[in-house]
Amino acid sequence: MTNQNPETAPSAPSNFIRQIAAEDMQTGKFGGRLMTRFPPEPNGYLHIGHAKSICLNFGLADEFKGLCNFRFDDTNPSKEDIEYVESIMEDVHWLGFDWADRLYYASDYFERIYEHAVQLIKAGKAYVCDLNADQIREYRGTLTQPGKESPFRNRSIDENLDLFRRMRDGEFEDGSRVLRAKIDMSSGNINMRDPVMYRIKKEDHHRTGDKWRIYPMYDYAHPLSDSYEGITHSICTIEYEDHRPLYDWFLDELGIHHPQQIEFARLNMSYTVLSKRRLLRLVNEGHVSGWNDPRMPTLAGMRRRGYTPAAIRNFCERIGVGKKESLVDIALLEYCVREDLNKKAPRVMAVLRPLKVVITNYPEGQEEFLDAINNPEDPAAGTRKVPFSKELYIERDDFMEAPPKQFFRLAPGREVRLRYAYFIKCESVVKDERGEIKEIHCTYDPATRGGDAPDGRKVKATLHWVSARHAVGSEVRLYDALFTKDNPNDSGEGKDFTSYLNPKSVETLDRCYLEPGLKDAEPGDGFQFERLGYFCVDTADSKPGRPVFNRTVTLKDEWAKLQKASSK
RNA sequence: UGGGGCGUCGACAAGCGGAAAGUCAGCAGAUUUUGGAUCUGCCACUCCCAGGUUCGAAUCCUGGCGCCCCAGCCA
């Protein structure tokens, strides 16, 4: 166990991988050494599921005083792109992990991987097969029927060597030949039925250019890459469990350093999708604005949305690591985000759906500056001054002409507090010719300056507000879940996940008013808009002097819950 | 009569033969110049089911049942 004293070290829950690592360290299995790796393929942006893997691999290395390498698994040039390698590195750093000088690429090992293939051919363990893709599939058999051996399976070693060399030299067309491992066509495990090790692809690679005309398959390149780097624990997801015998086979046949592959269950989260294939479709079909759309579960999207690295790391710790398929409630992620932001985010007042309030007994043209606390959770954050004047904006939702009993906010004849300012009382409602509320007239009690009544009288609500004359205009985007179904992956007949896209996943409000201090907020800055939620300055669309805000997550809202319950 | 994996509260998840941890969600209350935060209490007589071993089983054994993954020259 890592924590002998749970009272002083309440952290890290136990999981089976930590246990294996702890045991291996104790028995000295790998010389008391631990090394992991995070091996993304640069064919898409990293998402929260990758964050789980990153936290696991880097976290384990940290915990056991080992190292975690960073490696691009770039063995398929047709799907990979430099844009992805750059975004991936940025995202891992942003999450808070560092690989120092241990940045590797599987493509850097191509020569060694090739030489090892030659070694397998010489040992009679690999052969060049001339069957085409369809034929290979046919010969492979099915889940219940064994496969048939390829007619090219027993070529001489010399012929194999010659053909493989010529594959490398580009003498043959794409798809005309492959190099296969000679294992067992009748294995119950289809991965062992003479799997393809190399295919011909006359395509340029983003790193090796036109040097290679053949590229190794994942199943062959991955164990070797792990081995070359001296990895001890090769952690991957559950779907590779069936590939482990093959991982072991290559390493055993070659007689080289043999890491232990360990599989864990990938993350699924409610109301979103976490597969690069599906995320790519959302991007390509224009359902979102890009990989970094704030609604995307990508690290780039969550960063732009205002999620913090600490919140995501914390989430990854809380969800645990196991082998069971699960669907984690997105409410847990949101809890982690609020937990972190509650401690850090400066409070500020912003009115999203404005309703004008005129304080009839407040002197025309007068203004005053009131003290406001920047963060009640953090006294060191200090205070600021906010301007008050005769005309203000409050939130439309904070006024009701005919309120139900549970509504505590402003209503005709009722008195409430304006945060850090005064008690005000609603005297009348002004409507336009269509009967819509245009503004409301209130009186204020000068004796309640700062928000307390000297006579001790209480109000049931405190509202946020912004002085009309001093307000900064802004656009604010309200984000909600991307999907309406908790698990969009399990789609019914003839449907796919896109049929559950939430049409209201974003609402743009462009007549919002902010307290003046927000005019110069920098892109990326995060705030709590009091009583509303956490918001951050959008990094793509903000202009100097006119910030655009993205809602990161709402505050918990008791009133909204009551409304929802009564509308059912 | 292919192979592999997994079943503990609504969602996650500890537990490793000796009284079913914890977190999120939910519910109730206290407190509050954010219907926020904070605090308190409640929320699995039972661990997919059935047998068996044992003084004692979520943990061990046997047999069922259910769910997931695999037939790319993707990773």
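Order of the sequence lines sets the chain letters (A, B, ...), proteins ahead of strands, with each chain counted from 1. As the structure is a computational prediction, the values presented were derived from the model and not from experiment.
A/F549 has its ring centre less than 6.0 Å from the ring centre of A/F529. Residues A/Y307 and A/F315 place their aromatic rings such that the two centres sit no closer than 6.0 Å. Separation of the A/H222 and A/Y240 ring centroids does not fall under the 6.0 Å cut-off. Proximity of the aromatic rings of A/Y422 and A/F388 is defined here by a centroid distance below 6.0 angstrom, and this criterion is met. Note: A/Y220 and A/F250 meet the aromatic proximity criterion, with ring centroids under 6.0 Å apart.
Here the nucleotide nearest the side chain of A/K201, chosen from B/A14, B/U34, B/C74, is B/C74. In this structure, the nucleotide among B/A71, B/U34, B/C12 sitting nearest to the side chain of A/T462 is B/U34. Looking at the side chain of A/N342, the nearest of the listed nucleotides B/U8, B/A37, B/A71 is B/A37. Here B/C24 is the nucleotide among B/C6, B/A75, B/C24 with the atom lying nearest to any side-chain atom of A/R318. Listed candidates were B/U34, B/C12, B/C70. Nearest to the side chain of A/L143 is B/C70. The side chain of A/R347 lies closest to B/G36, out of B/A71, B/A75, B/G36. Side chain of A/R531, nearest nucleotide from B/A75, B/U34, B/G4: B/U34. Of the listed nucleotides (B/G35, B/A11, B/A75), B/G35 has the atom at the smallest distance from the side chain of A/D557. In this structure, of B/C73, B/G36, B/C68, it is B/C73 that holds the atom nearest to the side chain of A/M217. Comparing B/C24, B/U34, B/C73 by their closest approach to the side chain of A/P376 singles out B/U34.
For B/C45, the base adopts the syn conformation, since its glycosidic angle falls within 90 degrees of zero. Classified by its glycosidic torsion, B/G72 falls in the syn category, the angle being within 90° of 0.
Taking the C1' atom of each, B/C47 and B/C60 are spaced 16 Å apart, rounded to whole Å. Atom C1' of B/C49 sits at a distance of 47 Å from the matching atom of B/G35, rounded to the whole Å. Using C1' as the reference atom, B/C55 and B/C48 are 28 Å apart when rounded to the nearest Å. The gap from the P atom of B/U23 to that of B/A44 amounts to 15 Å, rounded to the nearest Å. Only the P atoms considered, B/C67 is 24 Å distant from B/C61, to the nearest whole Å. Rounded to the nearest Å, the gap between the P atom of B/C74 and that of B/G17 is 46 Å. Taking atom P on both nucleotides, B/C43 is separated from B/G10 by 14 Å, rounded to a whole Å. The separation of B/G66 from B/G72, taken at their C1' atoms, amounts to 30 Å, rounded to a whole angstrom.
Between the side chain of A/Y240 and the base of B/A75, a donor-acceptor pair under 3.5 Å is found. One cannot find a donor-acceptor pair under 3.5 Å joining the base of B/C70 and the side-chain atoms of A/E241. Put simply, the side chain of A/R409 and the base of B/G35 share a donor and an acceptor less than 3.5 Å apart. In this model, no side-chain donor or acceptor of A/N189 finds a partner on the base of B/G4 within 3.5 Å. For B/G4, the base has no donor-acceptor partner in the side chain of A/E263 [N/O atoms by modelled type, under 3.5 angstrom]. Between the base of B/U34 and the side chain of A/Q528 there is a donor-acceptor pair shorter than 3.5 Å.
In this structure, A/N191 reaches neither bases nor backbone, as no heavy-atom distance under 4.0 Å exists between it and the strands shown. Note on A/E530: a base of the nucleic acid sits closer than 4.0 angstrom, heavy atoms only. Nucleic acid contact for A/S187: none, since no nucleic acid atom lies under 4.0 Å from a heavy atom of the residue. Among the protein residues, A/D242 comes within range of the nucleic acid bases, having at least one heavy atom under 4.0 Å from a base atom. Counting any heavy atom pair closer than 4.0 Å across all strands shown, A/H464 reaches no nucleic acid atom. Among the atoms of the strands shown, only primed sugar atoms or phosphate atoms (P, OP1, OP2) are found under 4.0 Å from some heavy atom of A/V196. At the heavy-atom level, A/I319 lies under 4.0 Å from the strands shown only through sugar-phosphate atoms. Nucleic acid contact for A/Y422: none, since no nucleic acid atom lies under 4.0 Å from a heavy atom of the residue. Counting any heavy atom pair closer than 4.0 Å across all strands shown, A/K79 reaches a base atom.
At the phosphate of B/U1, neither OP1 nor OP2 sits under 4.0 Å from any side-chain N or O atom of A/T144. Under 4.0 angstrom from either OP1 or OP2 of B/C74 there lies at least one side-chain N or O belonging to A/R199. Between A/Y218 and B/C74 there is no side-chain polar atom (N or O) within less than 4.0 angstrom of OP1 or OP2. Contact between the side-chain N/O atoms of A/K323 and the OP1/OP2 oxygens of B/G4 is not found at any separation under 4.0 Å. OP1 or OP2 of B/G3 has not a single side-chain nitrogen or oxygen of A/Q145 nearer than 4.0 Å. For the pair A/K561 and B/G26, the criterion of a side-chain N or O lying under 4.0 Å from OP1 or OP2 is met. Taking only side-chain nitrogens and oxygens, A/R140 comes nearer than 4.0 Å to OP1 or OP2 of B/C73.
The distance between atom CG of A/N268 and atom C1' of B/C68, rounded to the nearest whole Å, is 11 Å. The interatomic distance linking A/I136 (CD1) with B/C74 (P) rounds to 11 Å, in whole Å. Distance CG (A/L555) to P (B/G35): 9 Å, rounded to an integer number of Å. B/G36 atom P lies 16 Å from atom CZ of A/F535, rounded to whole Å.
In this structure B/C67 sits in a base pair with B/G5, meeting the Watson-Crick or G-U test at under 3.5 Å. Across all strands shown, B/U31 remains unpaired; no Watson-Crick or G-U wobble contact has both distances below 3.5 Å. Both distances falling under 3.5 Å, in either a Watson-Crick or a G-U wobble arrangement, place B/G51 opposite B/C61. Across all strands shown, B/A13 remains unpaired; no Watson-Crick or G-U wobble contact has both distances below 3.5 Å. Shown here, B/A20 forms no base pair; nothing in the strands shown gives a Watson-Crick or G-U wobble contact with both key distances under 3.5 Å. Searching all strands for a Watson-Crick or G-U wobble partner of B/U46 with both distances below 3.5 Å returns nothing.
Within a 6.0 Å radius of NZ in A/K425, no more than 12 heavy atoms belonging to other residues, nucleotides or ligands are found.
Between A/G322 and A/E558, the residue anchored nearer the 5' end of RNA chain B, judged by the nucleotide with its closest heavy atom, is A/G322. Toward the 5' end of RNA chain B, the nearer of the two residues A/R338 and A/A560, judged by each one's closest nucleotide, is A/R338.
A donor-acceptor distance shorter than 3.5 angstrom exists from the side chain of A/N374 to the backbone of A/A381, with no hydrogens or angles considered. Side chain of A/K202 to backbone of A/F172: a donor-acceptor contact under 3.5 angstrom is found. Looking only at distances, a side-chain donor or acceptor of A/K52 sits under 3.5 Å from a matching main-chain atom of A/A265.
For the residue pair A/D371 and A/T383, no side-chain donor N or O sits within less than 3.5 Å of a side-chain acceptor on the partner. In the model, A/N191 has a side-chain atom that pairs as donor or acceptor with a side-chain atom of A/N189 under 3.5 Å.
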